[in-house]
Enquirer: 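Just passing along the structure, written as structure tokens.
The model shown is predicted, which means the values in this text are computed figures rather than measured ones.
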Amino acid sequence: MKKVEETYLARVAALFNSVCVAAIPVVSFLVTGLAKFLSTRVIFIVTGICGILICVIFCSKKRTGQLYQEGEGRE
């Protein structure tokens, strides 16, 4: 959010929220397709593991430092 001017911050946040809400039916459709081939238990385990991996990747100091440095280099 450092790249967004304060006057546009609300608009950017609204756009981000709109995209997230628009993704709900798409993800719902994909999960319905997966449910035909996999059990609900497996789907929950896979999504849980994916969520944990994403959290670990973005919370690691090394990755966070790399993202911060890349963001500063583009200014």
Side-chain angles (χ1 to χ4, degrees):
M1 291 292 177
K2 287 183 177 183
K3 303 270 184 213
V4 179
E5 294 180 30
E6 286 188 33
T7 55
Y8 294 110
L9 196 55
R11 293 177 185 173
V12 171
L15 179 65
F16 179 76
N17 289 337
S18 297
V19 170
C20 289
V21 170
I24 292 172
V26 175
V27 173
S28 206
F29 179 75
L30 293 174
V31 170
T32 303
L34 284 176
K36 190 171 186 172
F37 302 106
L38 302 172
S39 69
T40 307
R41 181 179 178 192
V42 172
I43 293 172
F44 275 112
I45 290 171
V46 169
T47 55
I49 290 171
C50 289
I52 290 170
L53 287 174
I54 289 170
C55 183
V56 167
I57 289 169
F58 283 111
C59 291
S60 70
K61 289 183 181 179
K62 181 178 178 184
R63 179 72 179 151
T64 305
Q66 289 174 353
L67 289 173
Y68 184 74
Q69 290 172 354
E70 288 174 6
E72 285 183 336
R74 291 185 211 158
E75 291 181 331

Enquirer: Of all the heavy-atom pairs spanning Val26 and Ala22, show the shortest one and how long it is.
Expert: CG2-O, 4.0 Å

Enquirer: Between OG1 of Thr40 and CD1 of Ile45, what distance do you get to the nearest 0.5 Å?
Expert: 11.0 Å

Enquirer: Is it possible for you to say whether Phe44 and Val42 belong to one hydrophobic cluster, with membership spreading through side-chain heavy-atom contacts below 4.5 Å?
Expert: no

Enquirer: Find the distance between OG1 (Thr47) and CD1 (Ile52) and round it off to the nearest 0.5 Å.
Expert: 9.5 Å

Enquirer: If you group Ile, Leu, Val, Met, Phe, Trp and Tyr by side-chain heavy-atom gaps below 4.5 Å, do Ile43 and Val46 land in one group?
Expert: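 Linked within one cluster.
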
Enquirer: If I take atom CZ from residue Phe29 and atom CG from residue Leu34, how far apart are they, to the nearest 0.5 angstrom?
Expert: 10.5 Å

